[in-house]
Amino acid sequence: MAKQMKNPTLSGRRWQLYVLLAPFLIIFSLMIVLPVLASMILSFFNFDMVSLPSFAGLDNYIRMLLHDNIFPIVLKNTILLAILTGPAGFLLSFVLAWFINEFGRTARTLFSFMFYAPSLAGSAVFIWQILFSSDSYGYINSFLLSAGFIIEPIAWLSNADYIVPIVVAVQLWSSLGISFLSNLSGLQNINTELYEAGAIDGIRNRWQELWYITLPGMKHMLLFSAVMQISSAFSISSIIQQLAGYPTVGYAADTIVSYLNDVGTVKYEMGYASALSVILFLLMVLTRWITNKLINKAGG
Amino acid sequence: MKNLKAILHLPARNQTRRYTRSRAGNFFYFLFLFAAGLFSLLPMIYCIVTSFKPLDELLVFPPTLFTVKRPTVSNYMALPDLISGLSVPLSRYVFNSVFIAVAGTALCVVFSAMAAFVLSKTDIKFKGIIFTVIQFALLFNSYTLAIPQYIIYSSLGVINTYFVYLLPTLASSMGVFLMKQYMDGYVPDALIEAAHIDGADWFGIFGRIIVPIIKPCVLTLTLFTFLGLWNVQSAGTIFSEQLKTLPTVMSTIAAGGLARTGSSMAVSVIMMIPPVLVYLVSQSSIKETMGSAGIKG
């Protein structure tokens with residue numbers, strides 16, 4: 001990189017770099033960085049969206065950690081759902097892309113279309129509502145009844161024992177979005193001469209090839225995918241509400257995001273909602289930091 | 001030529017015949033993927049099937065997933081009537097949706113690629129801090145940003161203009177992050193140094209060297225951004241009906257109640273067509289790009 005600086009033709013043209021960076025950076029600072037800072041500041045205020053914000057110090061955080069009965073439940077749910085869907089979603093979007101990449105052009109296009117179809121179809125969660133419908137006509141219930149596994153229909157979506165596994169399944173099924181596509185484009189870019197050289201050097205099956213050649217070549221795409229998964233795994237909310245409403249039975253599956261939506265939209269406590277989103281943000285930053293350590297270890 | 005190919009990571013022309021692959025293994029994968037894929041196709045198939053159902057079959061519960069006893073196009077034929085009742089002509093909604101999706105996608109992809117190039121391949125000041133902020137911004141929940149963003153819109157005077165559709169997409173740091181990772185991984189520094197020696201300036205390096213190589217990534221981001229913008233609906237920032245998008249028409253039709261179920265499915269099917277087309281075009285040109293990338297450098 002130092003070499004570039006000594007280049008006589010370029011030393012006087014650094015303004016071009018600022019021109020290239022400016023459009024995004026200006027809009028990003030205005031529309032994201034400023035609102036994030038505003039939201040962080042707002043978490044130290046009481047704000048009902050009608051009267052002016054009044055300073056509250058650490059009240060919102062004290063209330064959250066000491067006096068709020070719902071917060072511990074939604075915190076636990078958020079972490080549980082993130083653990084159950086984050087790593088699995090990350091693996092799934094890589095493994096499926098890797099499987100698909102094994103095939104020729106036609107099969108590859110067909111499969112990638114199939115797996116991306118839920119995203120293309122818009123809101124696709126309704127299909128799960130039909131499957132898990134709680135009367136005896138729902139597909140799963142009618143199958144289990146006729147096969148004799150159960151004697152009366154199960155209310156899948158209003159039973160605290162089933163709601164979490166169902167949410168996990170739906171989230172995984174609908175999570176094949178941008179990480180899946182970016183993994184596919186990354187896999188097609190790995191230098192195939194490496195694969196030929198690997199075969200000569202004694203790599204005998206696809207698993208060794210995956211470990212020694214494919215994974216190192218995918219490092220950058222995998223980091224991208226990891227961050228996107230962290231972001232989506234900690235923010236599951238609309239899926240739960242579409243399936244089981246808000247709040248779910250005994251807050252069995254509600255997350256911090258569901259809760260802060262409720263606090264802000266229904267109870268008009270924007271200061272408290274901001275404090276909740278700051279805590280969620282810290283939780284994700286911590287996870288991001290741990291993930292980074294893990295990826296660096298695997299890379300080294 | 002051979003080195004150039006190595007630098008550009010050209011893929012093999014025939015990836016299916018590799019030393020490390022067994023036929024049995026491939027067959028097993030194929031079956032597994034096909035079964036899982038069919039399941040993923042369910043919502044799309046269900047929408048299409050439902051849009052051809054007559055009213056009495058629509059009301060059957062549980063709905064049949066794959067079959068229609070008496071298929072009908074009446075749900076589609078009813079659309080012109082439903083649409084003629086709108087206060088603004090349909091063409092206006094179509095124009096709004098197409099304009100927002102195309103202009104927004106183009107600007108987003110270009111701005112993201114430009115910024116990612118600077119962050120990935122140059123030594124501009126503060127680039128480490130800027131990139132960290134970009135990554136962390138992806139982790140902040142968007143719900144609480146709505147109020148500050150509304151205040152910014154109103155102080156910029158852009159409420160009730162196309163800008164409220166475009167700005168959130170253009171500010172999204174996901175595209176820059178994706179592009180930067182791609183450039184870090186697949187655009188060799190040697191190529192840029194070579195261009196420096198040839199006397200190219202930064203604009204030239206970006207336009208003639210970076211853009212052709214990152215085309216697969218450009219197509220992926222195009223698809224993703226288009227999909228988001230195609231389904232965009234204003235939330236409290238657009239008041240005139242003239243500036244609203246096609247999803248508004250969809251909700252208007254769906255609001256007509258039970259009798260409109262079939263027609264609102266028909267609209268969903270029609271709404272699916274542009275994203276599917278963009279998907280097919282972008283994914284099939286990804287492979288072509290890969291084959292020809294080496295010759296341009």
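So you know, we letter chains A, B, ... as the sequences are listed, proteins then strands, and number each from 1. Values in this document were obtained by computation on a predicted structure and should not be read as measured data.
Of the two parts of Leu156(B), only the side chain, counted from C-beta on, holds a non-hydrogen atom closer than 4.5 Å to a non-hydrogen atom of chain A. Heavy atoms of Leu110(A) lying under 4.5 Å from chain B belong exclusively to its side chain. Contacts of Leu223(A) with chain B are made by both backbone and side-chain atoms, with heavy-atom separations under 4.5 Å. For a residue to count as touching a neighbouring chain, one of its non-hydrogen atoms must lie under 4.5 Å from one of that chain's; by this rule Ala36(B) touches chain A with backbone and side chain alike. The parts of Phe34(B) that come within reach of chain A are both its backbone and its side chain, each placing non-hydrogen atoms under 4.5 angstrom from that chain. Only the side chain of Leu34(A) comes within contact range of chain B, judged by heavy atoms closer than 4.5 Å. Of the atoms belonging to Ile130(B), it is side-chain heavy atoms, and not backbone ones, that fall under 4.5 Å from chain A. Proximity to chain B involves both the backbone and the side chain of Leu181(A), based on heavy atoms less than 4.5 angstrom apart. Neither the backbone nor the side chain of Ser268(B) comes within less than 4.5 Å of any heavy atom in chain A. If you measure heavy-atom distances from Leu38(B) to chain A, the contacts under 4.5 Å come from both the backbone and the side chain. The part of Val118(B) that comes within reach of chain A is its side chain, from C-beta onward, which places non-hydrogen atoms under 4.5 angstrom from that chain. In this structure, no portion of Met271(B) lies under 4.5 Å from any heavy atom of chain A. If you measure heavy-atom distances from Ala22(A) to chain B, you find no contacts under 4.5 Å at all. At a 4.5 Å heavy-atom cutoff, the contact between Ile124(B) and chain A is made by backbone and side-chain atoms alike. Contact of Val269(B) with chain A is not made at all, since no heavy-atom distance falls under 4.5 Å. The contact between Met218(A) and chain B is made by backbone and side chain atoms together, counting heavy-atom distances below 4.5 Å.
Listed here is the closest heavy atom pair of Leu178(B) and Met221(A): O-CE, 4.0 Å. Minimum heavy-atom separation, Gln149(B) to Met31(A): NE2-O, 2.8 Å. Nearest heavy atom pair, residue Val19(A) against residue Met114(B), reads O-CE, 4.1 Å. Residues Asp123(B) and Arg14(A) share a closest heavy-atom pair of OD1-NH1, 3.6 Å. His220(A) approaches Gly185(B) most closely through the heavy-atom pair ND1-CA, 3.4 Å. Between Ser40(B) and Ala117(A), the shortest heavy-atom distance links the atoms O-CB, 4.2 Å.
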Thr220(B) and Ile178(A): side chain to side chain contact (heavy atoms under 4.5 Å, CB included), yes or no, with the steps? CA-CA 8 Å; Thr220(B) 301; Ile178(A) 188 75; 4.3 Å; yes
Leu41(B)/Phe113(A) under side chain to side chain contact (heavy atoms under 4.5 Å, CB included): CA gap, chis, key distance, verdict: CA-CA 9 Å; Leu41(B) 272 182; Phe113(A) 176 76; 4.2 Å; yes
Let's go through Ser119(A) and Leu227(B) carefully: what are the C-alpha distance in whole Å and the side-chain angles of both, what is the deciding distance for side chain to side chain contact (heavy atoms under 4.5 Å, CB included) to 0.1 Å, and is it a yes or a no? CA-CA 8 Å; Ser119(A) 305; Leu227(B) 198 58; 4.1 Å; yes
What verdict does the side chain to side chain contact (heavy atoms under 4.5 Å, CB included) test give for Tyr279(B) and Ser112(A), after you've listed the backbone C-alpha separation in whole Å, the side-chain angles of each residue and the deciding distance to 0.1 Å? CA-CA 10 Å; Tyr279(B) 179 86; Ser112(A) 60; 2.8 Å; yes
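In this structure, the ring of Phe136(B) has its center no less than 6.0 angstrom from the ring center of Trp289(A). For Phe111(A) and Phe30(B), the ring centers sit closer than 6.0 Å to each other.
Comparing Ser235(A), Gly264(A), Ala38(A) by heavy-atom pairs within less than 4.5 Å of chain B, the highest count is held by Gly264(A). With respect to chain B, the highest number of heavy-atom pairs below 4.5 Å among Asn261(A), Ile256(A), Ile32(A), Val227(A) belongs to Asn261(A). For chain A, the option among Ile147(B), Val278(B), Leu42(B), Leu119(B) with the highest count of heavy-atom pairs below 4.5 Å is Ile147(B). Counting heavy-atom pairs closer than 4.5 Å to chain A, the top-ranked of the candidates Ser173(B), Pro275(B), Pro168(B) is Ser173(B). Of all the listed residues (Val257(A), Leu96(A), Leu260(A), Leu42(A)), the one sharing the greatest number of non-hydrogen pairs under 4.5 Å with chain B is Leu260(A). When the candidates Leu107(B), Val110(B), Leu170(B) are compared by the number of heavy-atom contacts under 4.5 Å with chain A, Leu170(B) comes out ahead. For the set Phe224(A), Phe28(A), Phe24(A), the entry with the most heavy-atom pairs within less than 4.5 Å of chain B is Phe224(A).
The line from OG of Ser172(B) to CD1 of Ile27(A) is 11.5 Å long, rounded to the nearest 0.5 Å. Rounding to the nearest 0.5 Å gives a distance of 7.5 Å between CG of Leu139(B) and CZ of Arg288(A). In this structure, CZ in Phe126(B) is found 12.0 Å from CG in Leu25(A), a value given to the nearest 0.5 Å. Between Ser182(A) atom OG and Met179(B) atom CE the span is 12.0 Å, to the nearest 0.5 Å. Atom CD of Gln16(A) and atom CD1 of Ile205(B) lie 9.0 Å apart (nearest 0.5 Å).
No side-chain heavy atom of Leu21(A) sits less than 4.5 Å from a side-chain heavy atom of Phe117(B). Between Met284(A) and Phe140(B), every side-chain heavy-atom pair lies at or beyond the 4.5 Å cut-off. Looking at heavy atoms from C-beta onward, Asn141(B) lies out of side-chain contact with Phe281(A) at the 4.5 angstrom threshold. Between Phe203(B) and Leu20(A) the shortest side-chain heavy-atom distance falls below 4.5 Å.
The 12-atom threshold is exceeded at CZ of Phe39(B), counting heavy atoms of other residues, nucleotides or ligands nearer than 6.0 Å. The neighbour count for Phe32(B) CZ, taken as heavy atoms of other residues, nucleotides or ligands under 6.0 Å away, does not exceed 12.
Take Asn141(A) and apply the side-chain hydrogen bond (donor to acceptor under 3.5 Å, both in side chains) test, not counting sequence neighbours, and it matches Trp156(A). Not counting sequence neighbours, Tyr116(A) has no partner by the side-chain hydrogen bond (donor to acceptor under 3.5 Å, both in side chains) test.
Looking only at atom types and distance, the side chain of Thr265(A) has a donor-acceptor partner in the side chain of Tyr143(B) under 3.5 Å away. Thr144(B) and Ser274(A) share no donor-acceptor pair across their side chains, judged by distance under 3.5 Å alone.
Judged by distance alone, the side chain of Ser231(A) and the main-chain N or O of Leu138(B) form a donor-acceptor pair under 3.5 Å.
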